There are 2 protein chains.
Amino acid sequence: MQDVAREAGVSPSTVSRALHTRGYASPEVRERVQAAAQRLGYVPNHMARNLRSRTSTAIGVLISDLRNPFYADLAAGIEEVLRFEGHQMILVNDNGDPEEEMHAAETLLAMQVAGVIVTPVAAACPKMLQDNGIHVVSADRQLGRGGDAVLSDNKAGARELTEHLLGLGHERIGLLIDETKWSTGAGRLAGFRAAYEDAGLELDEDLIVFTSFDAEAAKQTTRELLDEQHVTAILSANNVLAQGALAELKRRRLRIPNKISLAAYDDVPWMSLVQPAITTVDQHTVDLGRSSAQLLLARIRDELPARRRIVRVAPRLVVRGSTGPAPRN
Amino acid sequence: MQDVAREAGVSPSTVSRALHTRGYASPEVRERVQAAAQRLGYVPNHMARNLRSRTSTAIGVLISDLRNPFYADLAAGIEEVLRFEGHQMILVNDNGDPEEEMHAAETLLAMQVAGVIVTPVAAACPKMLQDNGIHVVSADRQLGRGGDAVLSDNKAGARELTEHLLGLGHERIGLLIDETKWSTGAGRLAGFRAAYEDAGLELDEDLIVFTSFDAEAAKQTTRELLDEQHVTAILSANNVLAQGALAELKRRRLRIPNKISLAAYDDVPWMSLVQPAITTVDQHTVDLGRSSAQLLLARIRDELPARRRIVRVAPRLVVRGSTGPAPRN
DNA sequence: CTGTTAGCGCTTTCAC
DNA sequence: GTGAAAGCGCTAACAG
């Protein structure tokens with residue numbers, strides 16, 4: 001910076017002002033400084049800048065699994081907005097593990113990030129960050145009561161998807177679900193129940209089957225579901241479980257949708273590539289990411305009222321070939 | 001840090017040494033300091049640390065498209081190693097645009113990252129970073145001659161895939177490809193040619209069809225390929241183009257593999273979900289990412305001889321149901 | 001509008 | 001093995 005100042009014949013502080021601040025520098029000087037900086041290939045040091053100004057443009061993003069297209073899309077949406085707004089994304093995979101999550105949060109804290117977007121695993125993580133004065137936006141799910149969040153309306157989406165199946169005459173729909181601790185799973189289960197209730201049908205609790213979070217477990221659980229319950233349709237609570245369900249249906253060569261219907265929450269690309277294409281609920285995942293980033297930046301810039309803000313993104317039912325009229329026996 | 005020093009009854013410099021350096025602090029003092037830090041919830045400030053020590057643990061990762069599972073897997077592999085080794089990943093999507101890429105590189109430079117892993121779009125980007133003393137590893141493709149790189153053996157993979165098709169009796173294989181400027185596309189094309197040559201068959205140049213990088217364009221190009229060339233098999237140069245090719249084959253209700261075979265470079269999850277599952281070349285993408293990170297860290301730690309290191313990851317042919325004997329007319 | 005001064009929080013000489 | 005002092009590169013406060 002000294003060099004640039006000398007080259008432009010001004011003081012270091014003027015260089016700083018000319019390069020970054022708006023105002024407080026005459027246009028003529030500003031131009032001269034910028035030319036000098038260009039000529040010398042000067043790149044300002046973010047570290048020093050952040051240290052002195054006690055601000056940072058880096059944003060931490062904490063997600064569970066980048067290889068799951070849901071999280072990849074979420075991260076892509078976040079990154080798009082951050083980049084456009086001149087921020088940087090520090091991305092950490094926590095593998096859904098509370099300890100990894102907390103450890104990552106501490107690192108982000110040490111890095112003095114301006115804010116964090118997290119798909120929380122444990123409530124302790126957003127809380128710790130907030131207690132340390134870091135802005136936090138929970139994306140996709142919500143834990144504890146504090147803080148801003150961007151959420152999909154899981155209940156409405158699951159209700160709509162279930163109504164679609166009920167409308168086709170299915171009464172025994174197996175719900176394949178991995179967790180209901182979080183607002184996502186809980187919401188989807190609630191929507192499933194609500195649709196049955198609205199239809200005036202009693203829901204057999206045995207139709208709700210819990211499985212682990214990976215496709216292989218879902219395949220096994222689907223097997224049990226088919227063996228033990230007489231279902232005419234399967235509703236998978238997310239894209240990963242749907243892989244397992246579909247694999248088992250294909251293994252048994254059950255014709256879809258003639259013999260059995262399959263619907264899945266969370267639209268991802270492969271669902272329109274398989275034959276028949278899968279009926280799903282599109283969560284607008286990239287938008288979910290964009291909104292999370294926008295909300296966080298608005299909070300950082302202090303453009304929002306103090307009380308917490310919850311942004312809800314409406315999901316959309318996408319009917320494709322995998323769901324059809326319930327077979328009559 | 002002052003507070004911790006006071007709490008532990010030592011000087012700030014001792015706190016620094018006790019917390020981070022190995023040696024230069026008595027075990028007894030070290031323990032006392034750590035206890036004090038714990039009690040006060042002290043989190044050291046990375047910015048100040050990096051500024052003073054002129055080192056940073058942040059690593060920049062520059063990729064083209066996070067929503068493409070190839071890049072997502074690459075990033076996941078990189079992140080896994082970086083996190084394990086106590087580094088942070090700053091992830092930037094450059095959308096395959098040289099200007100975005102260069103802009104991102106400048107930001108990373110300003111952030112004083114310890115190194116950058118890039119799937120380069122233009123040779124200028126790695127060069128600029130290297131000129132500024134930043135360690136660079138090119139992942140997946142190579143541009144210009146400088147620098148370390150982790151590459152898949154595209155030629156071998158494409159050759160093996162083509163040999164597989166030739167072995168099934170296909171002689172007119174349409175190669176659907178988007179670019180050959182980069183080492184990836186060039187290598188795959190070279191492998192395709194080599195297989196024909198090894199088989200002693202003359203390659204009709206019209207079988208090589210160029211398309212844009214998105215699935216929709218690939219669909220249209222596949223249409224032209226089917227209309228204008230008599231092909232019994234299609235080989236798609238990557239996972240995205242394969243989506244377009246498959247969509248068009250399905251639209252025409254061409255039976256796979258009876259009527260036409262489809263093979264694709266770059267195995268991604270949907271390829272084993274569709275019916276029939278797609279024959280592919282698995283690039284071990286996550287490993288590619290892991291190796292890139294390991295190579296970069298080794299370079300940063302100065303564990304490598306000065307001359308550049310190229311790591312090659314061997315791809316693997318995965319034969320599935322989408323390829324079968326060529327139909328006889 | 002611009003220069004001077006001080007100092008962000010930490011690590012690293014250099015004495016002791 | 002430990003403390004005191006200096007300073008990383010920059011920006012904010014203050015004069016002018």
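Bear in mind that the values here come from a model prediction, so they are computed numbers and not experimental data. Chain letters run A, B, ... following the sequence lines, proteins first and then strands; every chain starts at 1.
Listed pair Arg49(A) / dT11(D) meets the phosphate criterion, a side-chain N or O lying under 4.0 Å from OP1 or OP2. Side-chain N/O atoms of Arg54(A) include one lying less than 4.0 angstrom from OP1 or OP2 on dG9(C). Residue Ser53(A) places none of its side-chain N or O atoms closer than 4.0 Å to OP1 or OP2 of dC8(C).
Mapping Glu28(B) and Leu51(B) onto DNA chain D by nearest heavy atom places Glu28(B) closer to the 5' end of the strand.
Looking at Leu62(A) and Leu108(A), their side chains come closer than 4.5 Å, going by heavy atoms from C-beta outward. Side-chain contact between Val313(A) and Gln283(A): absent, with no pair of heavy atoms (C-beta onward) separated by less than 4.5 Å.
Residue Arg52(A) contributes atom CZ, which lies 12 Å from atom P of dA6(C) at whole-angstrom precision. Here dG1(D) presents its P atom at 15 Å from CZ of Arg32(B), a figure rounded to the nearest Å. Between the C1' atom of dT11(D) and the CE atom of Met47(A) lies a distance of 17 Å, rounded to the nearest Å. The CE-P distance, from Met111(A) to dG9(C), rounds to 17 Å in whole Å. Summarising the geometry, the separation between CG on Asn50(A) and C1' on dC10(C) is reported as 15 Å, rounded to the nearest angstrom. Following rounding to the nearest Å, Leu19(A) (CG) and dG9(D) (P) show an atom-to-atom distance of 17 Å. Atom-to-atom, CE of Met1(B) to C1' of dA5(D) comes out at 13 Å; the value is rounded to the nearest Å. Going from atom CG of Asn45(B) over to atom P of dC8(C) covers 12 Å, rounded to whole Å.
Heavy atoms of other residues, nucleotides or ligands lying less than 6.0 angstrom from CD of Glu303(B) number more than 12. The environment of His284(A) atom NE2 is dense: over 12 non-hydrogen atoms of other residues, nucleotides or ligands sit within 6.0 angstrom. Taking a 6.0 Å sphere around CD of Gln38(A), one finds it holds 12 or fewer heavy atoms contributed by other residues, nucleotides or ligands.
Proximity of a side-chain donor or acceptor of Asp148(B) to a complementary backbone N or O of Arg309(B) within less than 3.5 Å is detected. Asn68(A) contributes a side-chain N or O that, together with a main-chain N or O of Phe70(A), makes up a donor-acceptor pair within less than 3.5 Å.
Comparing the end axes of the helix from dC1(C)-dG16(D) to dC16(C)-dG1(D), each fitted to five base pairs by superposing C1' atoms of four pairs onto the next four, gives an inter-axis angle of 30° (nearest 10 degrees).
In this structure, Asp214(B) CG and Asp178(B) CG are separated by 9.5 Å, a value rounded to the nearest 0.5 Å. Atom CE of Met111(B) and atom CE of Met47(B) lie 7.0 Å apart (nearest 0.5 Å). Rounding to the nearest 0.5 Å places CG of Asp73(A) at 11.0 Å from CD1 of Ile78(A). Within the model, atoms CE of Met128(A) and CD of Glu106(A) stand 4.5 Å from one another, a figure rounded to the nearest 0.5 Å.
Near DNA chain D, meaning a heavy atom under 4.0 Å from it, residues 7-16 of chain B has Val10(B), Ser11(B), Ser13(B), Thr14(B) in order of number. Using a 4.0 Å cut-off on heavy atoms, the residues of residues 34-44 of chain B that approach DNA chain C are Tyr42(B), Pro44(B), listed by number.
Salt bridge annotation for Arg141(B)-Glu179(B): absent, with no cationic side-chain nitrogen under 4.0 angstrom from a carboxylate oxygen.
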